[in-house]
Each structure stands twice: as C-alpha cells, then as structure tokens.
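Notes follow once the structure below has been shown.
In this chain, numbering begins with 1 at the start of the sequence shown. No experiment lies behind these values; they were computed from the predicted model shown.
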Amino acid sequence: MLEHRDECRDAIDKALALDPNLASAYIAKGNIEGNFDWQWDTMKELAEKGLELDPNNARGYIILSNYYLIKGQYENAEEAILKAKALDQLNKRIGYLVGERLMLLGEMEAAKFEFEQVLELDPNYGLALDGLGYVYHAQGDLDSALRTWSQLHRVMGNYEIANYFLDHPFDDSVKTLLSKVEVGNPIYCTNPTILAQANSFIFDHEATFEFLDIAFKYRHEDLPLTLLKPHFRSYYDDPRFMELVDLVGVTLPPVPIKE
C-alpha cells in the first residue's frame with residue numbers, strides 16, 4: 001500500500017534525526033527512493049552514503065547493483081552484487097539476486113548454476129525456483145520451465161496448478177493459471193508484474209499491458225527490473241512499452257547482450 005511507504009519514510013527520517021550516522025537508515029531510504037519513487041540518482045547517493053558509514057553492508061551493494069542495472073552499467077551491476085554475496089555467502093536471497101542479474105545479462109548457464117546453488121541450500125526456496133523457471137523459458141525449454149514452476153506452486157500450496165503443469169502443454173498451463181487468478185482465488189498470484197509476464201508468454205499483448213499499467217499505477221517495486229527481462233525484448237518495438245520504459249527511467253539492454 002502506498003500509505004505504508006509514507007510511514008516507512010517517516011520512520012527512517014526519525015531514525016536519522018536520532019542518529020545521522022545510521023548506515024542502514026540511509027540504505028533503506030535509498031531503497032525507497034529507487035524501488036518506489038524511481039529516483040535512481042538519489043537512490044545511488046543514499047546507498048553510497050550508507051556504504052561510507054558501513055562498508056560491510058551487503059544491502060547497500062544490492063541497491064547499487066539495482067542502480068547499475070537500471071542505468072545499463074552491467075559490469076558494475078555484476079561487481080556490486082558479487083560484493084554483496086562475498087559479505088553474506090549463505091544468504092539465499094543474495095544468491096538468487098546473483099542469478100537474476102546473470103539472467104538479465106543474458107548469461108543463462110551461469111544464472112542456472114547460481115539458482116541451483118541456492119536450491120542446494122534450500123530445495124524449496126521459491127525465488128530460486130521461479131528464477132530457474134525463467135531461465136528454462138528463455139532457453140526455449142518449456143517442459144523444464146513447467147516442471148520447475150510446478151515445484152514452485154507445490155511449495156506455495158497450489159497443488160491443483162502444480163499437478164496441472166506436469167500433465168499439460170505450456171500454453172494451456174499458463175492459461176489455466178491465469179483463469180484461476182481471474183476468479184479471485186486468494187491462493188493464486190496477484191503480483192501484476194508476474195501476471196504481465198505470464199500473459200506475455202501466451203502472446204496476450206493487451207492483458208500484458210493491462211497488468212504492466214497496474215504495476216505502474218501503484219509503483220510496484222518489481223516493475224523496473226521486470227522491464228529488463230529477456231521475454232520482453234519482443235516488445236521493444238511497441239510504443240506503449242517504450243513509453244513505460246521512459247516513464248520508469250530504465251535503460252534497456254541491447255539485443256542480445258551475450259551469445
């Protein structure tokens with residue numbers, strides 16, 4: 001909720017008033033400035049301020065990595081996330097983020113390796129399962145994508161969809177999942193960026209833009225990096241997509257980034 005973000009801002013400002021040298025507060029404020037307000041340069045400045053005060057804050061390097069991705073500075077983005085990983089090597093979320101960035105950079109096999117490393121730590125870690133599914137999809141291995149996402153839905157408790165994915169073709173599986181969302185069952189995903197991606201998989205362009213517009217309206221924190229994902233490259237010649245990219249302030253990667 002947007003009002004909750006305002007409450008977070010107030011809390012951070014109060015913390016900084018009490019302690020102007022509180023590194024985590026600058027980094028948290030930078031996260032809000034970037035992910036929610038799309039003030040990318042301010043995000044970078046605040047993250048760098050936090051890291052000056054605490055050079056071992058892994059969260060600060062994650063935010064810097066986000067900034068560099070948004071700005072199209074891919075080598076810097078990879079370097080920053082690897083610094084975060086070096087500071088917290090068993091952190092599953094950071095491991096996932098390394099894989100996510102490698103996927104965005106087009107390094108699919110390296111991304112797959114990172115996701116699998118996370119899954120060795122926790123076979124039911126949802127973010128890594130989701131990321132691995134996207135890698136398989138980007139590689140054109142739709143059967144493996146469905147098997148991986150089936151495991152994800154089983155972890156989430158969506159047993160009907162988990163079983164359906166194992167026995168039906170890719171397009172039918174995605175359409176069935178989306179039909180469950182449309183009837184409003186709370187067990188199914190309501191993240192508009194994920195629903196936009198699912199609709200893009202079955203080439204329902206109007207629904208894709210409907211959910212992208214919802215994500216934009218509510219400034220969903222996943223939207224900026226979602227726009228960089230490989231399966232949206234086919235939208236680069238669509239004026240609606242390019243307008244959204246400009247409004248959010250992201251720099252699209254070249255196509256392809258790497259063979």
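Annotation: side chain of E100 is in contact with side chain of L225 (closest heavy-atom distance under 4.5 Å). Inter-residue side-chain proximity for R59 and N31 is flagged as met; some heavy-atom pair is nearer than 4.5 Å. Proximity of K180 to I161: side-chain heavy atoms (C-beta onward) are separated by under 4.5 Å at one or more points. Under the 4.5 Å side-chain criterion, counting only non-hydrogen atoms from C-beta, N124 is in contact with Q151. Using a 4.5 Å cut-off on side-chain heavy atoms (C-beta onward), F211 and Q197 make no contact. Counting only heavy atoms from C-beta outward, the side chains of I12 and Y26 never approach each other to under 4.5 Å. The closest side-chain heavy-atom distance from L177 to H153 is below 4.5 Å. Counting heavy atoms from C-beta outward, L178 and D204 have side chains that stay 4.5 Å or more apart.
Side chain to side chain, R147 and S144 meet the donor-acceptor criterion of an N or O pair below 3.5 Å. Neither side chain, H231 nor Y134, offers a donor N or O lying under 3.5 Å from an acceptor on the other. A donor-acceptor contact closer than 3.5 angstrom is absent between the side chains of R219 and N35.
Note: the hydrophobic cluster containing V174 does not contain L166 (ILVMFWY, side chain heavy atoms under 4.5 Å, direct or indirect links). Placement of Y159 and Y164 in two distinct hydrophobic clusters is found when ILVMFWY residues are connected by side-chain heavy-atom separations under 4.5 Å, directly or transitively. Hydrophobic clustering of Ile, Leu, Val, Met, Phe, Trp and Tyr side chains at less than 4.5 Å, counting indirect connections, keeps F113 apart from L104. Grouping the Ile, Leu, Val, Met, Phe, Trp and Tyr side chains by contacts below 4.5 angstrom, directly or via other members, places L223 with V245. Hydrophobic clustering (side-chain heavy atoms under 4.5 Å, transitive across Ile, Leu, Val, Met, Phe, Trp, Tyr) keeps L119 apart from L121.
Between T251 and G72 the shortest heavy-atom distance is CB-N, 4.0 Å. Between N57 and I27, the shortest heavy-atom contact is CG-CD1, 3.3 Å. Among all heavy-atom pairs drawn from M108 and P230, the shortest one is CE-CG, 3.6 Å. Counting all heavy atoms, side chain and backbone alike, P253 lies closest to L228 at CD-CD2, 3.8 Å. The two residues T193 and A215 make their nearest non-hydrogen contact at CG2-CB, 3.9 Å. Across every non-hydrogen atom of G133 and T148, the tightest pair is N-CG2, 3.7 Å.
If you take CD1 on I63 and CG on L46, they are separated by 8.5 Å, rounding to the nearest 0.5 Å. The distance from atom CG of N163 to atom NE2 of H168, rounded to the nearest 0.5 Å, is 10.5 Å. Interatomic distance, H205 NE2 to N199 CG, rounded to the nearest 0.5 Å: 10.5 Å. To the nearest 0.5 angstrom, I94 atom CD1 is 7.5 Å from L87 atom CG. In this structure, the separation between CG on L195 and CD1 on I214 is 8.0 Å, given to the nearest 0.5 Å. The structure places CG of D213 at 7.0 Å from CG of L244, a figure rounded to the nearest 0.5 Å.
In this structure, R240 does not pair ionically with E243, as no charged nitrogen and carboxylate oxygen lie closer than 4.0 Å. Classification of K83 and E79 as a salt-bridged pair holds, one side-chain N sitting under 4.0 Å from a carboxylate O. The existence of a salt bridge linking E48 and K44 is confirmed by a sub-4.0 Å separation between a basic side-chain nitrogen and an acidic carboxylate oxygen.
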Decide yes or no on side-chain contact (heavy atoms from CB on, under 4.5 Å) for Y136 and L142, but give the supporting numbers first. CA-CA 7 Å; Y136 283 128; L142 301 186; over 6 Å; no

Yes or no on side-chain contact (heavy atoms from CB on, under 4.5 Å) for W149 and L129, after CA distance, side-chain angles and deciding distance? CA-CA 7 Å; W149 284 329; L129 288 169; 6.0 Å; no

side-chain contact (heavy atoms from CB on, under 4.5 Å) between E114 and K85, intermediate numbers included: CA-CA 11 Å; E114 292 294 336; K85 184 178 180 180; 2.9 Å; yes

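A side-chain donor-acceptor contact under 3.5 Å links T176 to the backbone of D172. When atom types are taken as modelled, the side chain of T208 and the backbone of S200 share a donor-acceptor pair closer than 3.5 angstrom.
Ring centroids of F115 and Y96 are separated by less than 6.0 Å, placing the two rings close together. In this structure, W40 has its ring center no closer than 6.0 Å to that of Y68. Aromatic ring centres of F241 and F232: separated by under 6.0 Å.
Within 6.0 Å of CG in L247 there are more than 12 heavy atoms belonging to other residues, nucleotides or ligands.
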